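Written below as structure tokens is the structure these notes are about.
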Amino acid sequence: MSERPEQRKDPVDAIIEQWARVRPDLDTTAMEVFGRVNRISHAMAERVTKAYATFGISRGEFDVLATLRRSGEPYTLSPRQLSATLMLTTGGMTGRLDKLERAGLLRRSPDPHDRRGLQVTLTDKGLDLVDEAVGAGLTAQTEALSGLDAEQAGHLAGLLRELLRSTER
């Protein structure tokens, strides 16, 4: 780990230094990367959760609304499509859909192409809310990136894309 003068130490550095003292034989590069990725993930989850809470929704509920929004007009998917996209069990999805439907943010209706199926559609209220909430979430994320310039942020995004590809193989 080569530290440049402009770099300040973070909690992961302390962990790496402890390992270096007790196990100098270990290559802790992966721990440096994933320790930081994990800490960033937790910190950002908290920030984004707070941003969505101002709209009366949880992060998981935002994910449902955002998935419908990203699907394009008419903002309709089946519960199965939502579950697959969000990697949720159908039981977990049902609870979210129940709450969002009670809040008037989406509606469930029979699927005209499948007698046994349902369709989930954003309501106008849900569309307005998710459009505001996505802006608030992006503001929180953009603020977190403010320590990087545009080139650094783009470079980091590219590196993380490659890392994600390699971990998903």
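The structure presented is a predicted model; accordingly, all values stated were derived computationally and were not measured.
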Any donor-acceptor pair under 3.5 Å from [X] side chain to [Y] backbone:
X	Y	answer
R96	G60	yes
T94	T90	yes
E101	R108	yes
Q152	D149	yes
T123	G104	yes
D13	D10	yes

Closest heavy-atom contact between [X] and [Y]?
X	Y	answer
G137	Y52	CA-CE2, 4.0 Å
K99	G56	NZ-O, 4.4 Å
P74	T121	O-CG2, 3.5 Å
T89	S83	O-OG, 4.0 Å
V12	G35	CG2-C, 3.9 Å
A144	R47	CB-NH1, 3.3 Å

Side-chain heavy atoms of [X] within contact of [Y], under 4.5 Å:
X	Y	answer
V120	V64	no
I15	M31	yes
V33	L163	yes
L82	L68	yes

If you measure from [atom1] on [X] to [atom2] on [Y], what distance do you get to the nearest 0.5 Å?
X	Y	atom1	atom2	result
W19	T28	CH2	OG1	10.0 Å
I40	H42	CD1	NE2	11.5 Å
F62	L105	CZ	CG	12.5 Å

_Let's go through V130 and E61 carefully: what are the C-alpha distance in whole Å and the side-chain angles of both, what is the deciding distance for side-chain contact (heavy atoms from CB on, under 4.5 Å) to 0.1 Å, and is it a yes or a no?_
CA-CA 10 Å; V130 74; E61 292 158 355; over 6 Å; no
Counting only heavy atoms not in [X], do more than 12 fall under 6.0 Å of its [atom1]?
X	atom1	answer
D124	CG	no
E73	CD	no
Q141	CD	yes

*Are E17 and K9 ion-paired here, with the side-chain N under 4.0 Å from a carboxylate O?*
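Answer for the salt bridge query: yes.
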*Using a strict 4.0 Å threshold on nitrogen-to-oxygen distance, state whether R70 and D63 make a salt bridge.*
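No.
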